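Here is the structure we will look at.
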Number of protein chains: 2
Amino acid sequence: MIYAIGEVSERIGLPISTIRYYHKNGLMPHVDRTAGGQRRFSDDDVEWLRYLERLRATGMPIAEMREFVELIDGGEETLERRRQIMRNRRSEVEAQLAELQTTLGIIAYKCWYYDRALELGDEQAARAIPPEEMPPEVRSARELCRFSW
Amino acid sequence: MIYAIGEVSERIGLPISTIRYYHKNGLMPHVDRTAGGQRRFSDDDVEWLRYLERLRATGMPIAEMREFVELIDGGEETLERRRQIMRNRRSEVEAQLAELQTTLGIIAYKCWYYDRALELGDEQAARAIPPEEMPPEVRSARELCRFSW
DNA sequence: CTTGAACCTAAACCTTACTTCAGGTCTATC
DNA sequence: GATAGACCTGAAGTAAGGTTTAGGTTCAAG
């Protein structure tokens, strides 16, 4: 199938302006044009865009994504560098995951604390609950952040 | 213990300018000052800064963090709103975790692919490896992204 | 009591990642 | 072949989250 930019935007939920911006910045080099100059996207282009979105969500900068896209067109010469970029991305994502998991624990503790405080009608009372009465996930997260606020 | 801004910066690895910026924007309301106007941070202040950093890493905007800090000083009246903010943060972090985990799988597949391509000296050969010979994590991630690039 | 390193502020500047605008062109449909 | 809605471009604008600069003050060691 072939799509105009508005359809692509609709399908993947990214603004038209963003898709143009990515295209302009070399993140989607092989997009076709009509004789009149309008962009026409293939299913592969749409799929690629989804992949770009995923990488962006890991915090990968536009410039690095462009480098990566250029390397792909560079053939076998660039394999090593591409691997390096992906390995680097992998460690970043692993680090993010580890931190987010810990933070999620802390946030869950806060939520538990607010639930108890509202239930008991009193923050002091919630703060006085002994660790033994906390659910286990909450108990362990509590040690990572000594504020009950 | 009491610390000057440079020591805090050193200890937690955040630039001095950022700490000043956070303070100025109401994220650390209770920091002391010397008679001459220099900031003096307590252990609790340092701990609080670490907590702010964690929340920032989840993508929480500065403005929302400031609101949260103000609510804490607002007492019991604000419990409901504080809970709402933390619940909201929780779902955002959960969504991020889910997406990052999937993306990590895809990235791991790419790394595996580059390893094989470099090992075999040929991308075509790597692409020709049948799914049965892939490690299981890699095999499942491969289905999420049909590009071998 | 001096002096150099560390600190202060306000204001300007910067970077990243988009978004909006103005003015014009394409294209599918009637 | 007219026309409305979708598309185009380059350039300017925006928002968030800091960072840098300039000009001055404070602090602690000697």
Side-chain angles (χ1 to χ4, degrees), chain A residues 1-42 45-46 49-69 85 89 92 96 99, chain B residues 1-42 45-46 49-69 85 89 92 96 99:
Chain A
M1 277 289 284
I2 295 293
Y3 313 92
I5 198 166
E7 299 170 289
V8 175
S9 165
E10 194 95 335
R11 283 171 70 89
I12 76 180
L14 217 48
I16 290 179
S17 60
T18 303
I19 301 173
R20 287 210 189 99
Y21 174 77
Y22 285 177
H23 185 210
K24 185 172 170 177
N25 282 278
L27 268 44
M28 308 191 70
H30 306 308
V31 172
D32 277 348
R33 299 267 193 176
T34 63
Q38 298 194 359
R39 294 174 186 83
R40 287 298 119 101
F41 299 80
S42 69
D45 292 330
V46 173
L49 201 44
R50 281 193 224 275
Y51 180 41
L52 291 179
E53 242 196 306
R54 279 199 170 284
L55 291 178
R56 271 297 299 139
T58 72
M60 189 167 183
I62 302 289
E64 195 174 332
M65 298 209 291
R66 180 177 44 232
E67 186 194 353
F68 186 69
V69 168
I85 289 176
R89 189 70 359 222
E92 297 224 349
Q96 285 174 43
E99 195 185 347
Chain B
M1 278 290 285
I2 294 292
Y3 313 91
I5 198 165
E7 298 170 289
V8 175
S9 166
E10 193 95 334
R11 284 171 70 90
I12 76 180
L14 217 48
I16 290 180
S17 60
T18 303
I19 301 174
R20 288 210 186 100
Y21 174 77
Y22 285 178
H23 185 210
K24 184 173 170 177
N25 283 277
L27 268 46
M28 308 191 69
H30 306 308
V31 172
D32 278 348
R33 298 269 192 173
T34 63
Q38 297 193 0
R39 294 174 186 82
R40 288 298 120 101
F41 300 79
S42 68
D45 292 330
V46 174
L49 200 44
R50 280 194 224 276
Y51 180 41
L52 292 178
E53 242 197 308
R54 279 199 169 284
L55 291 178
R56 270 299 298 141
T58 71
M60 188 165 182
I62 301 289
E64 196 174 331
M65 299 207 293
R66 180 178 42 232
E67 186 194 353
F68 187 69
V69 168
I85 290 176
R89 190 69 1 221
E92 297 223 350
Q96 286 175 42
E99 196 186 347

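Proteins get letters first, then strands, A, B, ... in listed order; numbering begins at 1 in each. Because the structure is predicted, anything quoted here is derived from the model rather than measured.
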How long is the gap from CG on L52(A) to CG on L14(A), to the nearest 0.5 Å?
9.5 Å

Under 4.0 angstrom, heavy atoms only, what part of the nucleic acid is S17(A) near: base, sugar-phosphate, or nothing?
base

dA6(C) P sits how many Å from I5(B) CD1, rounded?
14 Å

Would you mind reporting whether S42(B) and D32(B) have side-chain heavy atoms less than 4.5 Å apart?
no

For residues I19(B) and F41(B), determine if any side-chain heavy atom of one lies less than 4.5 Å from a side-chain heavy atom of the other.
yes

Determine the contact category for A63(B): base if any of its heavy atoms lies under 4.0 Å from a base atom, sugar-phosphate if only primed atoms, P, OP1 or OP2 are that close, otherwise nothing.
nothing

Establish, with yes or no, whether the OP1 or OP2 oxygen of dC18(C) is under 4.0 angstrom from a side-chain nitrogen or oxygen of R56(A).
yes

P15(B) side chain: which of dT19(D), dG18(D), dC18(C) is closest?
dT19(D)

Would you indicate which nucleotide in dG18(D), dT9(D), dC26(C) comes nearest to any side-chain atom of R33(A)?
dT9(D)

Can you check whether R20(B) has a side-chain N or O nearer than 4.0 Å to OP1 or OP2 of dG17(D)?
no

Answer whether the closest heavy-atom distance between the side chains of R56(B) and I62(B) falls below 4.5 Å.
yes

Ranking dG17(D), dT26(D), dA17(C) by distance to the side chain of I62(B), first place goes to dG17(D)

With heavy atoms under 4.0 Å as the rule, sort R39(B) into base, sugar-phosphate or nothing.
sugar-phosphate

Minimum-distance nucleotide to T18(A) side chain [options: dA6(C), dC18(C), dC26(C)]
dC18(C)

Where the side chain of R40(A) is concerned, which of dC7(C), dA10(C), dA28(C) is the nearest nucleotide?
dA28(C)

